[in-house]
Amino acid sequence: MIGMSRYNPLAVEPKWQQVWEAREVFRARTDAGRPKCYVLEMFPYPSGRIHIGHVRNYVMGDVVARFKRAQGYSVLHPMGWDAFGMPAENAAMERKVHPAKWTYDNIAVMKAQLKRLGLSIDWSREFATCDPAYYAQQQQLFLDLLEAGLAYRRQMSVNWDPVDHTVLANEQVIDGRGWRSGALVEKRQLEQWAFRITAFAEELLEGLKSLERWPEKVRLMQANWIGRSEGLTFTFALEDPAGRLPEAERAEGLTVYTTRPDTLFGAAFCAIAPDHPLARHLAAQVPAVAALAERAAHLGTSAEALERAEKEGVDTGLCVVHPFDPDRRLPVYVANFVLMDYGTGAIFGCPAHDQRDLDFARKYGLPVRPVVIPEGVDPAGFVIGEEAYTGGGRLAHSDFLDGLEAEAAKAAAIDRMEALGRGRRTVNYRLRDWGVSRQRYWGCPIPVIHCPACGVVPVPRADLPVLLPEDVSFDRPGNPLAHHPSWSHVACPSCGCLARRETDTLDTFVDSSWYFARFCAPHAAEPIDRAATDYWLPVDQYIGGVEHAILHLLYSRFFVRALKACGKIGLAEPFAGLFTQGMVCHATYKDDRGAWLFPEEVEEDGAGGWRVASTGAPAIAGPLEKMSKSKRNVVAPEPIIEAYGVDSARLFLVSDTPPERDIEWTQAGIEGAWRFTHRLWRAIGEDLSALAPAGAPMPAELAPEAMALRKAVHKAVAAVTEDIERFRFNRAVARLHELTTTVIEARGRSEAGGMTYALREAAEALCRLAAPVLPHLAEEAWSALGHDTLVIDSPWLVADPALTREDEMVIPVQINGKRRSEIVVPAGADEAAVRAAVMADEAVARALGGGSVTKFIYVPGRIANLVVRPG
RNA sequence: GCGGGUGUGGCGGAACCGGUAGACGCGCCAGACUCAAAAUCUGGUUCUGGCAACAGAGUGUCGGUUCGACUCCGACCACCCGCACCA
C-alpha cells in the first residue's frame, strides 16, 4: 500500500509557512477585476504574550480570509498593534524600562507567536500606533478636526487623583479611590480637549439601521448609549425673596428639560445640580448648599457609590412660578442626584409619576398630586402610595390638559409652551462629547501650542510631527511630559514669543479609530490614501470581543463621519460586517487558603476532588472563568502547538462551540481535535493507489457506491460553504467529520466501478474544504496528492446541483402527530403517490388499528400526517 | 429599576420558514488488534419498561394556538450581559 506517512505537524507546518512567505501569497493587491474583501480582527494591545483567547479571534478571521480568497476575492487581512497606553508607563515606573522598549520588545515576542499560527496576514502592512510614522499622521488628522471645529477645548468634569496628579478613567476609580495611589478621588473641572461626537448623535443613531451585518445586540447597546429622548425645554420665572441672587441671574429664570411635559400640573418642586451656576452663587451664602456641593464632588462615580448615596436636597429659598398657573409657586432645591451635564442641569419634579421624585417628595414633605390617571380609574379615588405611577392614561387636575390621553397631553403642553414663547420642543441625547485629553506620556502628542498672547495655536503642518521626547523620567507622580525640563518650551509659531507646548496626549481610543483606514495604505505620505481607502473600505468583516461594542466601535463610526466632513474619506460606515466572538474560558483552581493555582499545579485526587500535585494538599475547583492572569487560568499557545501542532489548535477553537459563545478550553477537547487531524490525514492519503491519478477524466460508468460518494462530497461542499459564510464554523467542522467518515468507509469498496475517480475527487475536496481551518495539513496533503500548485491558490469548490439532489425521499408518517413509520418514494412523487405509499405501509396499517382517517396532510418532501378517529 | 439574551442527553452542541428532537464531537460502555499497554478500528449510548419488535415520556415551569410546537402566543422561574440618579 502506497500511503502517505504519518502526519507530523511539527515538521510540516513551518515548511508551508516558509513557502507562503517566499511566494508572498498573502500580499494584498488592489485588483479592479476582482471583488474585494477586507477582513480585520481587532488589533491587539502588546501586553507581553498572546494567549488562546487572542488565537481564537485571529483564527476566526483567518478562516474567513482564506475562504474568501479561495472564492476569488482580493483579500486584505492586515495586522498591527494598539501600542500606546498606560501599561507601558506602569512598566516604566515599576521596572525602570522605557515604555518604547517595553512595547517594542513585547511586539517582537507577540509577532513571533502570531507567525507560528500560520495566519494569512499581509505582514508588509504592519504598524504600531506608537510608531512616529503613525502618530505623525494622526496629528495631521487632529489638525483637520480642529480646523473643522470638531476638536475643541472645554471645561470637563474629571476624576482627579490628587496624589498621582492625573486624571483617571471611571474604571480606574475603585470605591472612590485611585486604583494606584489609593487617594480619595475628586471631581475637578479641567480644561480638556474634546471631540464633538454629539454633532453626529442623530447620524450615529440613524446609521445603525444600515448596519445589517452587525449583531442586533451591539446596535441596541449603541442606540441606548446615544440615548435619544424627545421632550420640552422651558424656562420658569424665578423669585428670590431673600435677595441672594444678582438681579440679572434671577431675571434669567430657571431652564429645565423634561420628557414628561404632560405631568406639569403635578409638579411639586424644582431641583438643580450641585454644580449648576445658580447653586454656585448660592454656595457662597448658604453653607448647606456649599456642604452638599462638597460632598457631591467627593462622591465616587461608580454605579454602586451612586446607588448607596442617600438622595438629598437643600432648599435654596428660591422659588419658581408655575408656567401655566401664575398663582402656584414651587420651591427650588439643590439635589445631589441632578446631573449638570445632562439636559440643562435642572429639573422639575412630579412625585406622582416618577419614583425618584416621589422618594424625594416623601423625604421633604412635598405634595403628591396624581395627574395621569390609568384608564377606567376614578381620578378622585386615585391615590399614590409608595410607588409612582409611570404608565399611561388620561389627564386630570390639569386645567387645559384635562381628559387628554398622556401622549396627546405632551404635545398639547409643548404647543402651549411654544405659543407662550416660554419653551420649545427639544431632542436630547445622553451621549456626551468625547474627552480625549490624557495627562500621560505614552500617547500621541496633541499638536498645539499655548501662547500667552495668541492663545491656542496649532502646530504648523510643516513642523509636524511633534515627537515624544525620549529622555523622560517616571519617578515623580503626574505627567512626565509636563515635568520635562525643555520639551514644552517653544516659540509661538504665530508671534514668536515664548510659549508652551500642549503636554496632554490623545486617548488611545483615537489611535484605534482610524487604523483600519491606514492599513489600506500604511506607507502613504498622507494619513489616508483616497484611492486605497475607496477600494478597500469599508471593512467587510470585522471580528472582535463584545467588550468593544460601544466605545471603540462608536468612536470609529464618529471618526469616519468627522473625516468625511473634512473631505478626507468617502465612506458612510467603517465596518459593514461585525462579528463579536465569545471568550475562551478555563477551569480555575484555588488551594485551601484561597490562593489561585495554575491548572498544571493540580491533579485529580481519585475521589472526585483535586489536590496540589507537588504537596498533595487539597485544592478546590472553582468556576469556569474568562482567562486572566490574576486567576492563573491562562493557557499559552506554545505548549499546545508543540504538542499538537497549530492546525489541531485552530481546529479545536472553531469546533463544537458556536463562535459567538464562550468556549471552554479543555485537554480532552484539544486531544479530540488532534485525533481528527490524523483521521482526516488518513482519509485523504492512507492508500494513494486507491485513487485515480490527478486530473484523470471521469469514467463513463459509475457504480452506485461511487455515485453515492460523489453525492456525499457535493453535499458536503454545499453545506460547508454555507456554514462558513454564516459564521457557523462548528457546523462546518461537523460536516468535515461526516465526509471524512464517509470517505474512510468508501475506501473499503474501492474496486467498485469508478470508485478510484470518486475517491480522488473526495480526497481533493477534503483538502480544499479543510484548508481554511487546517491550512498546513491541507497544503501537505494537496502536495502528496500529486499537485505542484498550492491549495491556497486553488479556487473554492462549487457543488454540482445535480449531485446534491436526492432521487428518493424519506417521508416520515405521523398518525395524530406521532411518528409511526416512514416511507421511501421517488423524489418527485405527488401527493396521491405518497398517500398510496402511506396507505400501503404495514406499520401504518398496524398503528391505525381500525380507526378511520378523517384527514390526510402532506407537506411536500417533508412529512405526512394522518388524522385518525379511533374506530 | 430599564433594555437585551440564554435555558435541549453525563458534557459542548445540532434541528433551515411550525414538519422524524438529539446531527457532529467529547465522555462512557462493549468488542477487535496486542504478551500487555498506548494508538487505532468496529458497535452501542435521551430516559423508563421490554430479550426483542415495540410502547410510553421527553427541549427550564405552567397554560394556549395547531393535524403537528425546541420553534408561535400568554404567564412564570433561573442564569448571563449591557445601561443605570438621563429628568
Side-chain angles (χ1 to χ4, degrees), chain A residues 6 215-225 227-229 231-232 256-260 263 270-271 273 299 302-304 306-307 309 311 335-339 341-350 353-357 359-360 390 428-432 546-547 549-550 651-652 655-658 660-664 666-673 675-676 678-679 682 719 722 726 728 730-741 744-745 810-822 843 846-847 853-868:
Chain A
R6 188 176 159 77
E216 190 55 42
K217 175 192 167 85
V218 174
R219 289 193 278 172
L220 215 102
M221 282 164 72
Q222 292 213 352
N224 290 340
W225 186 262
R228 184 184 198 275
S229 69
L232 166 70
V256 302
Y257 170 73
T258 180
T259 55
R260 294 295 304 271
T263 64
C270 280
L299 197 64
S302 68
E304 308 94 285
L306 292 169
E307 199 59 47
K311 297 191 182 6
N336 62 351
F337 59 82
V338 179
L339 307 173
D341 48 7
Y342 183 78
T344 61
I347 61 162
F348 79 80
C350 176
H353 304 297
D354 182 284
Q355 191 58 44
R356 193 197 45 213
D357 293 347
D359 296 343
F360 192 80
T390 54
N428 201 27
Y429 300 91
R430 205 191 73 110
L431 182 70
R432 307 196 191 141
V546 247
E547 63 272 22
I550 298 176
L651 176 67
F652 171 77
S655 299
D656 295 345
T657 302
E660 68 278 10
R661 287 199 214 169
D662 290 353
I663 188 174
E664 183 190 358
T666 61
Q667 189 64 25
I670 181 69
E671 280 167 11
R675 272 202 297 278
F676 176 67
H678 287 272
R679 195 170 142 81
R682 287 195 308 273
E722 196 193 332
R726 298 176 63 175
R728 299 197 294 199
N730 54 323
R731 283 186 18 147
V733 170
R735 299 288 88 84
L736 275 181
H737 276 283
E738 275 173 341
L739 183 59
T740 302
T741 301
I744 288 171
E745 279 166 5
V810 179
I811 302 294
V813 183
Q814 295 183 334
I815 292 174
N816 291 334
K818 283 196 190 301
R819 184 185 168 279
R820 294 298 176 186
S821 182
E822 62 184 33
R846 215 180 322 119
V853 177
T854 58
K855 200 171 172 188
F856 177 84
I857 296 155
Y858 174 59
V859 182
R862 287 285 190 185
I863 202 162
N865 190 14
L866 303 178
V867 185
V868 173

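We name chains A, B, ... by the order of the sequence lines, and we start the count at 1 in each one. Being a predicted model, the structure only gives us computed values, none of them experimental.
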Sorted by chain and residue number, the side-chain contact (heavy atoms from CB on, under 4.5 Å) partners of A:Arg661 (sequence neighbours excluded) come out as A:Thr657, A:Pro658
Contacts of A:Asp656 meeting side-chain contact (heavy atoms from CB on, under 4.5 Å) (sequence neighbours excluded), chain-then-number -> none
If you look at every strand shown and take non-hydrogen atoms under 4.0 Å, does A:Arg728 touch a base, only sugar-phosphate, or nothing? sugar-phosphate
Between A:Thr854 (side chain) and A:Val867 (backbone), is there a donor-acceptor pair under 3.5 Å?
-> yes
Between the protein and nucleotides 63-70 of chain B, which nitrogen or oxygen pairs are less than 3.5 angstrom apart?
residue, atom, partner, partner atom, Å
B:C67, O2', A:Asn865, ND2, 3.4
B:C67, O2, A:Asn865, ND2, 2.3

With sequence neighbours left out, the residues meeting side-chain contact (heavy atoms from CB on, under 4.5 Å) with A:Arg846 are A:Ala843
Hits for ring pair (Phe, Tyr, Trp, His ring centres under 6.0 Å) against A:Phe676, two or more places apart or cross-chain, chain-then-number order -> A:His737
- Indicate whether OP1 or OP2 belonging to B:C41 is found under 4.0 Å from a side-chain N or O atom of A:Arg682. yes
Sorted by chain and number, sequence neighbours left out, side-chain hydrogen bond (donor to acceptor under 3.5 Å, both in side chains) with A:Arg430 holds for none
Secondary structure of RNA chain B per the Watson-Crick/G-U criterion (both distances under 3.5 Å; [ ] crossing, | other strand, . unpaired) is (((((((..(((......[....)))((((((.......))))))((((....))))..(((((..]....))))))))))))....
Can you tell me if A:Lys818 touches the phosphate of B:A21, counting only side-chain N or O atoms and a distance under 4.0 Å to OP1 or OP2? no
Rounded to whole Å, CZ of A:Arg661 lies from P of B:C80 at a distance of 16 Å
Residues passing the side-chain contact (heavy atoms from CB on, under 4.5 Å) test with A:Lys818, sequence neighbours excluded, are A:Arg820
**Prompt:** Would you call A:Arg432 and A:Asp341 a salt bridge, using N to O less than 4.0 angstrom?
**Reply:** yes
So does A:Tyr257 get a side-chain nitrogen or oxygen closer than 4.0 Å to the phosphate oxygens (OP1/OP2) of B:A87? no
_Are the side chains of A:Ile744 and A:Arg679 in contact, using a 4.5 Å heavy-atom criterion?_
yes
Taken in chain and number order and not counting sequence neighbours, the residues that satisfy ring pair (Phe, Tyr, Trp, His ring centres under 6.0 Å) with A:Phe348 are none
Whole-Å distance, A:Leu736 CG to B:A14 P, equals 17 Å
Those residues at least two apart in sequence (or on a different chain) that pass ring pair (Phe, Tyr, Trp, His ring centres under 6.0 Å) with A:Tyr342 are none
Item checked: A:Ser229 backbone acceptor or donor facing A:Asn428 side chain under 3.5 Å -> no
List, with names and distances, any nitrogen or oxygen atoms from the protein found under 3.5 Å away from nitrogen or oxygen atoms belonging to nucleotides 45-55 of chain B.
residue, atom, partner, partner atom, Å
B:A55, OP1, A:Arg820, NH1, 3.4

Exercise. Indicate, with a heavy-atom threshold strictly under 4.0 Å, whether A:Ser655 touches base, sugar-phosphate, or nothing.
Key: nothing
With B for base contact, S for sugar-phosphate-only contact and - for none (protein heavy atoms under 4.0 Å), nucleotides 22-28 of chain B reads -BSSSS-
When rounded to whole Å, the CD to C1' distance for the pair A:Glu547 and B:C83 reads 17 Å
(message) Is there a side-chain contact between A:Arg219 and the phosphate of B:G4, meaning an N or O under 4.0 Å from OP1 or OP2?
(response) no
- [ ] Measure the shortest side-chain to side-chain distance between A:Gln355 and A:Thr390 over non-hydrogen atoms and say whether it is less than 4.5 angstrom.
- [x] no
